[in-house]
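Accompanying notes for the structure given below.
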There are 2 protein chains.
Amino acid sequence: MSEDDTAQPASQTASTVERAADVLVLFAESARPTLGVTEIADKLSLSKAAVHRILASLRSRGLVELDEETRRYALGLMSMRLGLAYLDRIDLRGIAAPELAALSAETGETATLSVRSGDSRIYLEQVTPAREVRMSVTLGVPYPLHVGASSKAFLAFLPEAERDAYLTRHAPGERGTLNEQAEHVRQVGYAVSYGERQPGAGSVAAPVFDHTGRPAAAVSVCGPLERFRNEADSCAKALLQATTRISSRLGHTT
Amino acid sequence: MSEDDTAQPASQTASTVERAADVLVLFAESARPTLGVTEIADKLSLSKAAVHRILASLRSRGLVELDEETRRYALGLMSMRLGLAYLDRIDLRGIAAPELAALSAETGETATLSVRSGDSRIYLEQVTPAREVRMSVTLGVPYPLHVGASSKAFLAFLPEAERDAYLTRHAPGERGTLNEQAEHVRQVGYAVSYGERQPGAGSVAAPVFDHTGRPAAAVSVCGPLERFRNEADSCAKALLQATTRISSRLGHTT
DNA sequence: CCAGTTGTTCCTTTTTTCGGAATACTGTTC
DNA sequence: GAACAGTATTCCGAAAAAAGGAACAACTGG
């Protein structure tokens, strides 16, 4: 019966620090931009005195700010710096790696991660399944941003002006067709390709979004064309779950 | 009469919370993405045991994460959420208001704040000086994004593709001239206008940037043309200091 | 394989926080 | 204009919590 359902309660903790952390979390989760001492004390079942002490300490480090007029507290500049520091240090490859591994294991196909580089796309990472016939991509080589599932998934979610500028530069003749395809990709959330970039290969791909809502990368599941035709649908489902998780670690909120 | 605007530690604080806050700040300010217990203890002159307890507590709330492999700590998802919560709640007008008041007082002219709205710009706020002859703008009315100092300051710092798309739509004939002017605005950091949007009025304006580096608003100092010609230079200096401060509150890092 | 780190735990002393109640403010209502 | 809710803030002794030195464990690299 003594199962701890929480996330790993470390044996040695400092309860005062946990209370202070709860206060910060409350600011992050509350709908309101400012909170009062009593309000916080009620919600966290702490005494007003304790909340006051905590706020005074957090304030001394800039994590929260006090509006002298209203006597209400809000998150401070240092809180913002914490968030930006996190975002600065995001290691996309590191975050995606376990998801790619899981995707590959689940689908039995190759999972890839690619990012935009100027007007091109390059593969950053891949995980291949342990099968005799499998697909493998070349990391670091630039491909066009409008050919193949990963490219189309990325392109579809770019702001319209940017997509159009790209298409005018690189594929003016196909602008109409590609814009229509992009519309479809946005509706279903992923792009499919059968032998488009690479003859004999099939692929489904979906974008990963950053905290500003822009596509930051694309993840694909790809394999030999013959057997991939049957798998595409089921792959897409797992793919979208993986990209959703990665996006949320980049700060994307639905 | 007791004006203590510094980060004065209030009489009643919780030292443990302050130590924990110091740990978080260290993560934000350190160049490295991960820190070890000993490293933190050394830098903050705390015992390893204390740091360990603090980290365990912060970890239980998701503010920091532990890489089980390397036994090193990094900022957690909750830290990111704090930052994003701060950014979500930014009250541009509230932040700018005191800066506008100071600008107006220092220059003796009108200070304004405007933001983009689609392909237009509207004044959000203004502070006028206590002089008989002064300038006043109309809040909330849309103006073109390429006429007047505030518009040009904003436009100049938009991504090239976006600026070009706008100019093609709204001022195709002046594209060359305006792009050249934009280049100059970027170099000096502000835009000047003599009677451009409003006959008889002069203005210097500079953009305010958000944490992604995009222009989020424009601040201007403006006044009656005759006397403003002599003031423009000195106004520009104060203007840039003000916009730099506002930008930093929006998370902009140089 | 061993020395030198680093992270973690233990345990007693000491320092700190806790929390209720008193106090000081602020803006509102009658 | 004065009493009044509703705040935030301070005070205090009691009591719980953190500190920190040192032992222990788990690695790393020579």
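Each chain gets a letter, A, B and so on, in the order the sequences are listed, and its residues count up from 1. The model shown is predicted, which means the values in this text are computed figures rather than measured ones.
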Aromatic B/Tyr143 / basic B/Arg197 pairing, under 6.0 angstrom, 45° off normal | yes
Just checking, B/Arg121 and B/Tyr123: is the charged tip under 6.0 Å from the six-membered ring centre and within 45° of the axis?
-> yes
Between the two ends of the helix from C/dC1-D/dG30 to C/dC30-D/dG1, what is the bend in degrees, rounded to 10 degrees, where each end axis spans five pairs?
-> 50°
Which parts of residues 31-53 of chain B get close to DNA chain C, meaning a heavy atom less than 4.0 angstrom away?
-> B/Gly36, B/Val37, B/Thr38, B/Lys48, B/Ala49, B/His52
Atom pair distance, as rounded to whole Å: [atom1] in [X] and [atom2] in [N]:
X       : N      : atom1 : atom2 : answer
A/Leu55 : D/dT7  : CG    : P     : 16 Å
A/Leu66 : C/dT26 : CG    : P     : 12 Å
B/Glu18 : C/dT15 : CD    : C1'   : 15 Å
A/Glu68 : D/dA8  : CD    : P     : 14 Å

Taking the side chain as C-beta and beyond, is there a heavy-atom pair between A/Tyr190 and A/Leu240 under 4.5 Å?
-> yes
Passes salt bridge (Lys or Arg N to Asp or Glu O under 4.0 Å), B/Arg245 versus B/Glu99? Steps please.
-> CA-CA 8 Å; B/Arg245 277 191 297 269; B/Glu99 294 288 351; 2.9 Å; yes
OP1, OP2 of D/dT7 versus side-chain N and O of A/Tyr73: anything below 4.0 Å?
-> no
Distance test, side-chain N/O of B/Thr16 to OP1/OP2 of D/dA17, below 4.0 Å | no
With DNA chain D as reference, determine whether A/Arg72 or A/Ser15 sits nearer its 5' end, using the nearest nucleotide of each.
-> A/Arg72
Of A/Thr70 and A/Ala14, whose closest DNA chain D nucleotide lies nearer the 5' terminus?
-> A/Thr70
Map A/Arg19 and A/Arg71 onto DNA chain C by nearest heavy atom, then report which one ends up closer to the 5' terminus.
-> A/Arg19
Pairing donors with acceptors under 3.5 angstrom, does anything connect the side chains of [X] and [Y]?
X        : Y        : value
B/Ser104 : B/Glu109 : no
A/Ser220 : A/Thr112 : yes
A/Glu18  : A/Thr13  : yes

In terms of the angle between their ring planes, are A/His211 and B/His211 parallel, tilted or perpendicular, with boundaries placed at 30° and 60°?
-> tilted
Under 3.5 Å donor-acceptor, B/Asp210 side chain and B/Arg214 backbone | yes
